[in-house]
Amino acid sequence: RRPACEWVRTNSIAHISHTHTLSQSLRQYPTRVTKTGELLVTSSTQKSFAQNVDECVAKITEMCTVASAPPLETSPETAKRIEQMDKAFQERRIKEKKFNASKKSARRGNDD
């Protein structure tokens, strides 16, 4: 099995492009992922370079763990409620659009 993240210690960069799903999941950190699929992590909390690198490794490990977790399943009740809310929103939106359209047409008047 291939590792989800490959740590390049010299540049403090983790290449995440090996696993497409993980790569897409880690895109939730837009300020840390470059266009080439590199995850940039920095740490300057310690005086020691080695301790900062260890902290970076811990951050990357945590990010990979969170990103590779399976998505939570939605219960049927929640899915039904979401569907009802979406349907109500769409109906409200159409009703509002019709109201605004009638308001605008009333402003124009009949110039026949």
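All values reported here derive from a predicted model rather than from experimental measurement.
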Residue Gln90 excluded, over 12 heavy atoms near CD under 6.0 Å: yes
Residues Asn52 and Thr45: closest non-hydrogen pair is OD1-N, 3.4 Å
Nearest 0.5 angstrom please: Glu96 CD to Phe89 CZ, how far? 8.5 Å
Hey, are Ser75 and Thr78 close enough side-chain-wise for a donor-acceptor pair under 3.5 Å? yes
State the OG-CG distance between Ser43 and Asp54, to the nearest 0.5 angstrom. 9.5 Å
Looking only at heavy atoms, what is the nearest atom pair of Ser105 and Ser102, with distance? OG-O, 2.9 Å
Check the pair Lys80, Glu77 against side-chain contact (heavy atoms from CB on, under 4.5 Å), reporting the backbone distance first and the verdict last. CA-CA 5 Å; Lys80 184 177 179 182; Glu77 298 86 23; 5.8 Å; no
Any chance the side chains of Arg81 and Gln84 put a donor and an acceptor closer than 3.5 Å? no
Could you tell me whether the side chain of Glu55 reaches within less than 4.5 Å of the side chain of Gln51, counting heavy atoms only? no
